[in-house]
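Only one structure is covered here, and it is reproduced in the block below.
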Amino acid sequence: MADWKPLSLASPLYSPPSFTTPAPVIGKLDELPFTSLTWENFERLQLRMMRDVEGLRDAQLYGDRGQAQLGLDIVALAPDGDGVALQCKDYKRFYKSNLTAAIKKFRDTKRPFEVKRLILGVACAVKSTGAVEELAVQRKALYPIVLDLWDSQELSTLLRDRPEIVIEYFGMPTAEAFCLPFKIDIAHVPSADASAVREAIARTPEVSTGAQVFFDKAAATTDAADALTLIEEGQSTLRTAGFGPHASAHDKERVSLLAAAGRADEAARQILDDFWAALDQGLSVTAQMTQSRLDELSILATDNETVALYRLVIETAVNLYQNPLGYVPEVASLRLGDPSDQARLILLAGETALAGDQSEWLTKAVPAFSEYSRLPAIDESRRVRLRILVAESTDDWTELLTDAQQLKLGYGLSGVVTARHARSLALHQKFLEADLAWDEASGFASLASQWGEASTWIFSRRAFRSRWNPFTSNELLPLQTAVREMGSSRPLLPISDGAYMDALTALSEGNLRSASISAQRALRDAITTSDWVGEDRARRVLASILIESDEPALAAHHLAQIGATKQIETLGKSLTLEFLDITPDLDAPNYWTVGATYRLLGAQADLVPDNLVDHIATHITAELHAAEKGTHPDLRSFATSRYNNAIKALAGIAGRLDLTAADAALTHFEAQPAVEENRYRYHDEDEALTVARIALSHPSLAPRAIAHLVPLLGRAQGARSDTAQKAIATHAALAHDTLAGLAEAGNDWAQETLALGGPKDVDPTVAADALARLTTPLTHVKGVYSVGTGAVGDSLLVRHLDAETLNAAITELLVRGDHPHLSSSDRGDYLVAASNLAAHLDEAQRIGHFTTAMRLAVSPVPSEHDEMNQQFTHKLGGLRMNGMPQGSRGQALALAATLASTDAEHEEVRRVVYSLLGENADYWPTIALQRLGDTVKDDLTFLAVQGWAIRSLVALRWAEHGEPEHLGPRLARDPDVRVRRALARALAQEPDDTHADARDILAADPAYSVRTALKEAPAP
């Protein structure tokens, strides 16, 4: 089978016909004139039909073909894997003897794979009786091999609906007379250019364009100058045909020949130009390959100063481009190479600095931007980009905008200038002006037929409207869609289309350096083209990469720039020991960046260094004054609000304010308009926290603070934090009269808060109503569920009543704590309410309820409500219910621990608590352990590896006992601040000369709350 050879893509058989052979047409045409084709064109037509009509591939040709061999044998594979053979003969007449001879040759020839179908292709019509009869005989003899005859009639039938082939071989008039109706613009009839490209793909552009002849001659000559001329002619041929990249593939040969001809400077210049072109398009791999070519040239041209200088230019550019953190060197170090190279380096550095918001560097670089923008030799688009950097850095757009509006820059670049100005206006909160500027920019782009830019800038308008005119962005959607459908266009400025996706891919693969470089490129491109949406997504992915790369401060800066409050808050909370200082962003010119920065400060308030508190407080005080005057644009109903987030940051540092700042904050809150009934303020919770901390830290302000805090807590349930309640309890005398007034008006919270101080302030009628709510059996309607009980508050109102009354209430509460109709959250409330009342029971009552509580802790009845909610907990669900408790076993354990009095009962509770360890929520099991007292002191090492709540309990117990000794320092370094704070508070109650190692660690803790807890006065 050595005679069978794979048919090369460069084979002449894959070439288009050497010329078309039109048929003499008068009216409709029944058959095509195959006999008029040259034998070469007929063979090409047969192979074309095997490939495009039959779908055959992997063709192999029999023997070496010469001019005397007027025919060919080919085998190929069908899509189903079956072998197909074709015998093509240049017969003007076809007789029985010709058929017999063809079959004999087929039988005598060995093929490279099994053939299940044989095709005989002839140009004439087979009409002789002998041939037709012999065809039937041979079909039976060859079975199961299928025998087909492609004569002129069969070929015409196969080509009737293939006008693209008929046009190529016979011309358009013949196709119009012969083929079924067709349109030249439909997808399956390609243009002549498309056909040429397809052939180039099949045969390689070098072969299809004839450039290979020049390259072959160049390889055969030993004269460098002649070889260079031939290489350049071949490249020129490829470029003329539209195959520039293929021409560039021969640059390595050209460079070597230039060096050999003593023209190394010229070779180096070409390599450097190729490098810049690759870098412009974001083809970093190609750029590195180009860099290696210059390294090779330096070996061929030793001691050539130009080559050495250009190598330094490339090295500097690569260091700039591939710095994952966007580092920019001093301007002086960028003055390398020819003036045009220096301009490119300065431009790359400037746009890198702009993407990294390095305003100081940009300001210093303004003279260089201006200098290089005046160079006559640089490209106009680079000149404009340098001028834009000057305008961005100085905020002086007058001259540049004048040139754009007078169209001195042309429509396209005028659009770029106007769009960049729109971005600058947007960042400075000049909302309407930015909207109009993007509108004008998209108009310029449309006049230049730059549909991509026009669509991008309309989309930028849409996205930016969410910052100042929400819910109107979709008004521009029809316009954006219409412009996008105008077609594609080559970008005005060089950008890397795949940079953003490359960043995502590299991030998902853990290749952080590559991911950061790609994200930096995507961000530069978005900013230079004023793509507001692209900038947002590039900063988000860059922030994600920087977080994974242990660069959280840089990540936070990028998140702040786009007002990504949710992400920046999550980042801040994830770092329990590290403060991210992006306070310079508090001076940003727009509210969303400032708002996001305050959001981060709020999340990290406990980690704010002492020397920054006054600085931050000064900024917040200024925010409060600006809010009173209405001088700062803001959208308070959105998460990016600078005012609401400033209050959030204020709440975080309120306990550390000096008297002046605390007074200013309190005065601001006192001056707010009254809240209408059934209304709230977005910052109610943070306002309450701020005022409570002021009351606790500044006794002189406590009367005013408490007078403001009590009504706020009375109307805002979500504001009733532990800190707020502590402030009320600490200043109970100051709060009493206001609470009494609210209680008399029917405020439940006020009544419950007064009850905490003792029964004297509890209205008997209120207590009776609460008891009725606790003891009256609930009624349920099948399929109807509700959430919320009020039972905990009611338990505070009745706990002064006699034991028998409380026993009846606890009995009913335990029934509710196991009712299948109730949710876990409601069951838990009822069990907590029972715990509040359990201390007043007698021994017999206590024993019975303990047994019930343990059963509820071990095997409660399944909740129908929870089972119904379970269908809404899937992370991909369209409707999700998050944070719904799934079980009340912990609350049952806490009740059992309250009721337990014997060692056996304590051990039983502890055993069940330990069985629950490892579950998501360990708060209530921890409460149960705490109520057991010292029964867990021997298990501290085991418990110290559990959840934060149990570790906090371990800290309390360790501070009392000090054993095991190594556990204290470990708890003092716990990653959860709540654990460290618990240990600090516990140690503050112990003698100062104990546990020195743990105290030293806590005294240097980065969290303010831990350091201050260590200094708390011992309890009386």
Side-chain angles (χ1 to χ4, degrees), residues 466-472 563 565-566 569 591-592 594-595 598-599 602 620-621 623-652 654 664-695 703-725 727-728 734-735 737-754 766 786-790 792-793 825 881-883:
S466 66
R467 298 295 189 203
W468 63 286
N469 198 9
F471 315 118
T472 65
T565 51
K566 181 178 180 180
E569 182 176 40
Y591 75 82
W592 54 90
V594 176
Y598 279 131
R599 189 66 160 258
I620 296 175
T621 301
E623 293 289 347
L624 301 182
H625 291 327
E628 292 165 5
K629 298 176 182 178
T631 56
H632 281 169
D634 200 10
L635 289 181
R636 292 200 185 180
S637 58
F638 286 75
T640 49
S641 167
R642 70 184 297 160
Y643 176 78
N644 290 341
N645 287 309
I647 302 301
K648 190 175 292 293
L650 176 63
L666 188 55
T667 300
H668 172 77
F669 292 133
E670 290 171 333
Q672 295 176 117
V675 177
E676 298 178 18
E677 189 176 356
N678 298 323
R679 299 294 182 92
Y680 67 96
R681 296 189 180 99
Y682 291 110
H683 59 273
D684 273 345
E685 296 178 23
D686 296 313
E687 178 182 339
L689 197 54
T690 301
V691 175
R693 284 175 171 160
I694 290 173
R704 289 168 55 198
I706 296 299
H708 183 83
L709 181 62
V710 173
L712 173 57
L713 298 181
R715 66 172 176 79
Q717 181 176 356
R720 298 165 190 166
S721 64
D722 290 344
T723 301
Q725 299 281 17
I728 298 296
L734 294 175
D737 291 347
T738 309
L739 284 170
L742 289 174
E744 187 176 350
N747 186 280
D748 294 338
W749 170 79
Q751 294 169 351
E752 295 159 9
T753 302
L754 286 172
V766 171
S786 61
V787 177
T789 68
V792 175
S825 59
M881 294 184 179
N882 295 327

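Residues that satisfy the salt bridge (charged side-chain N to carboxylate O under 4.0 Å, His left out) test with Arg715, not counting sequence neighbours, are Asp684. Residues passing the side chain to side chain donor-acceptor pair (under 3.5 Å) test with Thr753 are Trp749, sequence neighbours excluded.
Between the Gln751 side chain and the Ala743 main chain, a donor and an acceptor come within less than 3.5 Å of each other. Of the possible polar contacts, none joining the Arg693 side chain to the Thr723 backbone as a donor-acceptor pair under 3.5 Å is found.
In terms of heavy-atom proximity, Ala727 sits nearest to Ile706 at O-CD1, 3.7 Å.
In summary, the side chains of Asn644 and Arg636 do not present any donor paired with an acceptor at a separation below 3.5 Å, with no hydrogens or angles considered.
Distance CG/Leu709 to CD/Gln725: 9.0 Å, rounded to 0.5 Å. Atoms CG and CG, from Asp737 and Leu742 in turn, are 11.0 Å apart once rounded to the nearest 0.5 Å. Once rounded to the nearest 0.5 Å, the distance linking OG1 of Thr738 with CG of Leu713 reads 11.5 Å. Atom CD of residue Glu569 and atom CZ of residue Arg599 lie 4.5 Å apart, to the nearest 0.5 angstrom. Between the CG atom of Leu712 and the CZ atom of Arg720 there is a distance of 9.5 Å, given to the nearest 0.5 Å.
Geometrically, Arg642 does not engage Tyr591 in a cation-pi contact, judged by NZ or CZ lying under 6.0 Å from the ring centre and within 45° of the ring axis.
Side-chain contact between Phe669 and Leu650 is present, with heavy atoms from C-beta onward closer than 4.5 Å. By the 4.5 Å heavy-atom criterion applied to side chains, Gln717 and Tyr680 are not counted as neighbours. Counting only heavy atoms from C-beta outward, the side chains of Leu624 and Ile647 approach each other to under 4.5 Å. Val594 has its side chain out of reach of His632: every pair of non-hydrogen atoms, C-beta onward, lies at least 4.5 Å apart. Residues Tyr682 and Ser641 have side chains not in contact (no heavy-atom distance under 4.5 Å, counting atoms from C-beta outward).
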**Request:** Test side chain to side chain donor-acceptor pair (under 3.5 Å) on Thr667 and Arg704 and set out the steps.
**Result:** CA-CA 9 Å; Thr667 300; Arg704 289 168 55 198; 3.2 Å; yes
**Request:** Quick one: do Arg467 and Thr640 satisfy side chain to side chain contact (heavy atoms under 4.5 Å, CB included)? Show the steps, please.
**Result:** CA-CA 9 Å; Arg467 298 295 189 203; Thr640 49; 3.6 Å; yes
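Taking a 6.0 Å sphere around CD of Glu628, one finds it holds more than 12 heavy atoms contributed by other residues, nucleotides or ligands.
Checked against the 6.0 Å centroid criterion, the rings of His683 and Tyr598 do not qualify as a close aromatic pair.
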